[in-house]
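Here the structure is laid out as structure tokens; the discussion comes afterwards.
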2 protein chains.
Amino acid sequence: MITDILFVEEIFVADNDCRKNLIAASVPLFAAKGLNGVSVRELASAAGVNLSMISYYFGGKEGLYAAVLTEQFAILGKLEEIEQMEIDTLQKFELYVRATVSRYRRNPYLLRFYTSELTNPTACFETIIKPAIKRVVQMLLDTFADGLSDRKFRDDLNPTDTVLALAGMINFYFLLEPATAELVDHAPERDEQLIRHIMDIFTRGVLR
Amino acid sequence: MITDILFVEEIFVADNDCRKNLIAASVPLFAAKGLNGVSVRELASAAGVNLSMISYYFGGKEGLYAAVLTEQFAILGKLEEIEQMEIDTLQKFELYVRATVSRYRRNPYLLRFYTSELTNPTACFETIIKPAIKRVVQMLLDTFADGLSDRKFRDDLNPTDTVLALAGMINFYFLLEPATAELVDHAPERDEQLIRHIMDIFTRGVLR
DNA sequence: GGTTATCATTCAAACGTTTGATCAGTTTTA
DNA sequence: TAAAACTGATCAAACGTTTGAATGATAACC
């Protein structure tokens, strides 16, 4: 959630309508067509602002794109709250899964942005996307290590393969939706079943 | 694998150097930057041909892109060979996994192309990508149904969630490589371990 | 057999359009 | 009234495509 006031490098920046509208209108456009698939004119007219405002506020199209990505990935902090909790390791993994599914439902663009950057990286990949993904993977690895030292998890599993498998089960389900909508029921009403299914497989896989 | 001679609509089309070079040079460029990220001049100069050859042979940039995708996804037939085999269901799943991993190693562009189309679809998505993905998912579903009727697999699992979980474990591992290379060892030498790991989790998950 | 006609192929050049960015000028705000 | 916000017009560069001429091989003709 972005606030109305941003502090960037100690400089006070009021988040006025023009800025806000541009970012809000750019999210679905960039998510659907990628950085190169949208023109500045398209972005400006979708936001209902003059096209020169993009350069004025963001220094250009790529700046606007970077601002959009920064906002999108600011949400990642939620997962780190879970990491701090003093709960059962397996329960922690379930909370990760629930938080991720819930996030993808409330913000259907997030997944698009980072898979787009993973496949066709722009300048933002190294600065925004890669660090964000590394943080999440590292967090999952740390949690798995906790389960190992508790002697709850199997110690013959490769930790990275294991956490990537969990992440893959969640993310791929949503990534594939545009292609498999006629084959698979992706309705949000089934999310609870999906989460239980993923945790079922994962639990059987990792528990001693 | 494309042959030197193509029969398209009963018209004999010699696959000359110009055509061949254009497709060959376009694969890595389109895979890395997407349809909109590469210019026709870039494509032509990479192929060492005149830029008007793109319109001449493929009717335009999008035609070349479509030709590239068609060639890339022609390889899918390999999986269907496995489906025909008269072997144990679980063994069949392992062959799918092995074939996919081996495919991604020999053709590092395939994954990029279809994740790119899943996130930022072009006109090719409906005509090439979506049918291809649906075929694979349907094939996995059929194989899972075999395991069910053999009473080898748990019958309380949602089949689509299960096969998407398996596909997700494989694909996400490769999709994430650009971001996690410093955190996770993605070396081909580890592929055998990865395959065993995925099959370990999957087997524990689905067997009665 | 020599000439001409026809064809697909290749090329450099130019086409009109769209691109992202900029600028001078105007309005709004504090 | 000075600074900030905003506008419409304009820029050069890049875009994908088309053009018309040149090339060379093959087919048709006398």
Side-chain angles (χ1 to χ4, degrees), chain A residues 4-27 29-69 116 120-124, chain B residues 4-27 29-30 32-69 116 120 122-124:
Chain A
D4 285 345
I5 305 290
L6 294 173
F7 287 91
V8 182
E9 291 171 21
E10 307 210 340
I11 295 170
F12 173 81
V13 178
D15 211 10
N16 58 24
D17 278 356
C18 203
R19 252 188 96 93
K20 229 188 298 186
N21 288 349
L22 265 174
I23 292 190
S26 299
V27 169
L29 284 173
F30 277 139
K33 311 188 191 184
L35 171 61
N36 294 318
V38 206
S39 71
V40 284
R41 276 160 245 269
E42 201 176 347
L43 294 166
S45 96
V49 305
N50 190 283
L51 130 134
S52 32
M53 289 299 95
I54 293 174
S55 290
Y56 184 73
Y57 281 110
F58 302 98
K61 187 193 184 184
E62 291 203 33
L64 171 57
Y65 181 72
V68 166
L69 283 193
S116 173
N120 304 133
T122 71
C124 292
Chain B
D4 284 346
I5 305 290
L6 294 174
F7 287 91
V8 182
E9 289 170 22
E10 308 212 340
I11 295 169
F12 173 81
V13 178
D15 209 12
N16 58 24
D17 279 356
C18 204
R19 254 189 93 93
K20 229 188 300 185
N21 289 348
L22 266 173
I23 291 189
S26 299
V27 168
L29 285 173
F30 277 138
K33 312 188 192 186
L35 172 60
N36 294 317
V38 207
S39 72
V40 285
R41 275 159 245 270
E42 201 176 348
L43 294 165
S45 94
V49 305
N50 190 279
L51 84 115
S52 46
M53 292 298 95
I54 293 174
S55 289
Y56 184 74
Y57 281 110
F58 302 98
K61 188 192 184 184
E62 291 203 34
L64 172 57
Y65 181 72
V68 166
L69 283 194
S116 172
N120 304 132
T122 70
C124 292

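Quick note on labels: first sequence line is chain A, next is B, and so on, each numbered from 1. Model, not experiment: these values are computed from the prediction.
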Non-neighbouring partners of [X] that pass side-chain contact (heavy atoms from CB on, under 4.5 Å), sequence neighbours left out:
{"X": "B/Phe58", "answer": "B/Arg19, B/Leu22, B/Ile23, B/Leu64, B/Ala67"}
{"X": "B/Ala24", "answer": "none"}
{"X": "B/Ala123", "answer": "B/Glu62"}

Practice problem: For nucleotides 22-30 of chain C, just jot down a letter per nucleotide in 5' to 3' order: B, S or -, based on protein non-hydrogen atoms under 4.0 Å. | Solution: BB-------

Quiz item: So which of residues 35-49 of chain A are in contact with DNA chain D, with a heavy-atom cut-off of under 4.0 Å?
Solution: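 Nothing qualifies; none.
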
Nearest-Å distance, [atom1] ([X]) to [atom2] ([N])?
{"X": "A/Leu64", "N": "C/dA21", "atom1": "CG", "atom2": "C1'", "answer": "14 Å"}
{"X": "B/Asp17", "N": "C/dT10", "atom1": "CG", "atom2": "P", "answer": "8 Å"}
{"X": "A/Tyr65", "N": "C/dG20", "atom1": "OH", "atom2": "P", "answer": "14 Å"}
{"X": "B/Met53", "N": "D/dT18", "atom1": "CE", "atom2": "C1'", "answer": "12 Å"}
{"X": "A/Tyr57", "N": "C/dA21", "atom1": "OH", "atom2": "C1'", "answer": "17 Å"}
{"X": "B/Phe58", "N": "C/dT10", "atom1": "CZ", "atom2": "P", "answer": "11 Å"}
{"X": "A/Lys20", "N": "D/dC6", "atom1": "NZ", "atom2": "P", "answer": "12 Å"}

Quiz item: Counting only N and O atoms by type, is there a donor-acceptor contact under 3.5 Å from the side chain of B/Lys61 to the main-chain atoms of B/Leu35?
Solution: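 Here the side-chain-to-backbone pair exists.
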
Self-check item: Of all pairs that satisfy salt bridge (Lys or Arg N to Asp or Glu O under 4.0 Å), the ones with a partner from residues 45-54 of chain A, not counting sequence neighbours
Solution: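 Passing the test, one end in residues 45-54 of chain A: no pairs.
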
Practice problem: For B/Asn50, check side chain to side chain donor-acceptor pair (under 3.5 Å) against everything at least two apart and list the hits. | Solution: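 Expected list: B/Ser52.
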
Quiz item: Can you list the residues that meet the side chain to side chain donor-acceptor pair (under 3.5 Å) rule with A/Ser116, with sequence neighbours excluded?
Solution: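 Per chain and number, A/Ser116 pairs via side chain to side chain donor-acceptor pair (under 3.5 Å) with B/Asn120.
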
Practice problem: Only counting residues at least two apart or in another chain, list the ones meeting salt bridge (Lys or Arg N to Asp or Glu O under 4.0 Å) with A/Glu42. | Solution: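 Residues passing salt bridge (Lys or Arg N to Asp or Glu O under 4.0 Å) with A/Glu42: A/Lys33.
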
Quiz item: Considering only C/dG20, D/dT7, C/dT10, which nucleotide approaches the side chain of A/Lys61 most closely?
Solution: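 Per side-chain heavy atoms of A/Lys61, the pick is C/dG20.
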
